[in-house]
Amino acid sequence: MPELPDVEGFRKVLGSCAKGRIIQRVDVRDTGVLHGVSTRRLRDAVEGRRFTEPERHGKWLLARTGGPTLMLHFGMTGELVCCHPDDMVEAHDRVLFTVARDRQLRYRDQRKLQGLWLADDESEVARLLERQGPDAMAVSRKEFEDVLSARRGSVKTALTDQSVLAGLGNLLADEILWRARLRPTSRASDLAEADCRRLYTHMRRTLRSTVAAGCVPPRDSWLTGHRDDPDPACPRCGHSLRRSRVAGRGTVWCPQCQ
DNA sequence: TTGGGTGTTGGCCA
DNA sequence: ATGGCCAACACCCA
C-alpha cells in the first residue's frame with residue numbers, strides 16, 4: 001500500500017503528533033522490525049531526544065531527533081498512527097513512541113517486510129539512501145527526461161524502480177501511465193519528447209491529488225477504482241481493461257486509449 | 001487444508 | 001544493463 005502519498009501522509013502524522021515533543025519512552029513490541037539496531041541501542045539513542053521536522057525521500061520517512069535519525073520504511077502494509085498511550089495495543093503495533101502523557105506514535109505493520117533503521121549521523125543517512133533515485137515529487141522535468149532516456153527497459157519498470165525515481169509504486173505507476181495514455185510496456189528510451197512531457201505532467205498532477213488525499217484513492221473516474229473489478233472497463237473509453245505482468249507486477253491498462 | 005495471490009525491497013542468476 | 005525468480009512476512013481467498 002504505502003507509496004509516496006501514503007508516506008507523505010505519515011510524515012504529516014509524525015509532524016502533528018510528535019514534532020517538538022520529547023521521546024519519553026520507546027517500546028519495541030516486536031524486534032523483527034528493527035534492522036541493524038537492538039532495542040537497547042535504539043532506546044539509548046533516542047529516548048530523551050526531541051522529534052524535529054520529519055523528512056521524506058521516496059518511500060522513506062526520516063524521523064530526525066537533532067541527533068540520530070530514525071529511518072522508517074513501510075513495505076506493503078506499514079503505517080504510522082497517532083494514538084493515546086491507553087489505546088489498546090493492536091496485534092501489529094510493532095514499536096511505540098510515547099511523546100506525551102496523552103500521545104503515542106505507533107509503527108504498525110502487518111507483514112514486516114521492511115521496518116526501522118537507526119542512522120547515527122548524516123553519512124549513515126546518506127548510505128541508507130544511496131540507491132535511491134531523485135524523489136518523484138521533487139524531480140525536475142529535465143532530470144526526469146534524462147533518467148528515462150537512459151533506460152533500456154519498459155517505462156513502467158523505470159517508473160517503479162526506486163533507484164531510477166523514488167516514490168512510485170505499482171498502483172501509482174499504472175494510474176499515471178493510463179492518464180498519460182502510454183502503454184506500460186513502451187520502452188522508456190523510445191518515448192518522444194512530447195510523451196515524456198505528458199508523462200511528467202501527469203505524474204505531478206497525480207501526485208498532487210494523491211498527496212492531498214494521503215493515499216491513492218480507488219476513485220471511480222480513476223484507473224485505481226477499477227483494477228479489482230471482475231470485468232474491469234476503462235473509465236475513460238469503456239473498453240475492457242487488460243491485465244498482464246510488467247516488471248514482475250500485476251499491471252492493468254487500457255489497450256484502447258493507452 | 002493447501003496452494004496461490006498481494007500496493008514492499010534486495011539478492012542471485014542468466 | 002535487464003528481466004526473471006525467490007525470499008522476507010502475514011494475511012486472504014478459492
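Every chain is numbered from 1, with letters handed out A, B, ... down the list of sequences.
- In this model, the phosphate group of B:dT9 is approached by a side-chain N or O of A:Lys59 to a distance below 4.0 Å at OP1 or OP2.
- In this structure, C:dC9 forms no base pair with any nucleotide, since neither Watson-Crick nor G-U wobble geometry is met with both distances under 3.5 Å.
- The aromatic rings of A:Phe97 and A:Phe51 stand perpendicular to each other, their planes meeting at an angle above 60°, with 30° marking the opposite boundary.
- Within the 4.0 angstrom heavy-atom criterion, only backbone atoms of the sugar-phosphate kind lie near A:Ser154; the bases stay farther away.
- Comparing atom distances between the A:Leu171 side chain and each of B:dT8, C:dA10, B:dG7 picks out B:dG7 as nearest.
- Rounding to whole angstrom units, CG of residue A:Asp109 and P of C:dC9 are separated by 12 Å.
- One finds a side-chain N or O of A:His92 lying less than 4.0 angstrom from the OP1 or OP2 phosphate oxygen of C:dC11.
- Contact annotation for A:Arg249: base contact, defined as any heavy-atom pair under 4.0 Å involving a base atom.
- Relative orientation of the A:Tyr200 and A:Phe144 rings is tilted, given thresholds of 30° and 60° on the angle between their planes.
- In this structure, A:Thr157 reaches the sugar-phosphate backbone alone: every heavy-atom distance under 4.0 Å involves primed, P, OP1 or OP2 atoms, never a base.
- The listed nucleotides are B:dG7, B:dT9, C:dG3; the one nearest the side chain of A:Gln162 is B:dT9.
- Atom NE2 in A:His35 sits roughly 15 Å away from atom C1' in B:dG11 (whole-Å rounding).
- No N or O donor and acceptor, one from the side chain of A:Arg111 and one from the base of B:dT8, sit under 3.5 Å apart.
- A:Arg64 has a carboxylate O that lies under 4.0 Å from a charged side-chain N of A:Glu55, or vice versa, which qualifies the two as a salt bridge.
- Sulfur-to-sulfur, A:Cys237 and A:Cys257 sit at least 2.5 Å apart at their SG atoms.
- Between A:Asp161 atom CG and B:dT9 atom P the separation is 9 Å, expressed in whole Å.
- The side chain of A:Arg151 sits closest to C:dT2 out of C:dT2, B:dG7, B:dT9.
- Between the P atom of C:dG3 and the NZ atom of A:Lys156 lies a distance of 13 Å, rounded to the nearest Å.
- Summarising the geometry, the separation between CH2 on A:Trp60 and C1' on B:dG10 is reported as 11 Å, rounded to the nearest angstrom.
- A:Arg227 comes within 4.0 angstrom of nothing in the nucleic acid, heavy atoms only.
- Salt bridge A:Lys19/A:Glu53: present, at least one basic N to carboxylate O contact under 4.0 Å.
- A side chain to side chain donor-acceptor pair (under 3.5 Å) with A:Asn170 is found for exactly one of A:Arg249, A:Lys156, A:Glu3, namely A:Lys156.
- For the pair A:Glu79 CD and B:dG7 C1', the interatomic distance rounds to 14 Å; values are reported in whole Å.
- The A:Arg131 side chain lies nearest to B:dG11 when the options are B:dG11, B:dT8, C:dA10.
- Side-chain atoms of A:Asn170 lie closest to B:dT8 of the nucleotides C:dC9, B:dT8, B:dT6.
- Using atom P as the reference point in both B:dG7 and C:dT2, the two lie 23 Å apart (nearest Å).
- When the C1' atom of B:dG10 is taken as reference, atom NE2 of A:His73 falls 11 Å away, rounded to whole Å.
- With P as the reference atom, C:dG4 and B:dT6 are 15 Å apart, rounded to whole Å.
- Separating the P atom of C:dC5 from that of B:dG4 is a span of 14 Å, rounded to the nearest Å.
- In this structure, of B:dT8, C:dA1, B:dT9, it is C:dA1 that holds the atom nearest to the side chain of A:Arg152.
- Base pairing analysis places B:dG7 opposite nothing; no Watson-Crick or G-U wobble pair with both distances below 3.5 Å involves it.
- The partner of B:dT1 cannot be assigned: no Watson-Crick or G-U wobble pair with both contacts below 3.5 Å exists in any strand.
- Atom C1' of nucleotide B:dG7 and atom CH2 of A:Trp178 are separated by 18 Å, given to the nearest angstrom.
- A salt bridge (charged side-chain N to carboxylate O under 4.0 Å, His left out) with A:Glu90 is found for one member of A:Arg108, A:Arg106, A:Arg29 and no other, namely A:Arg108.
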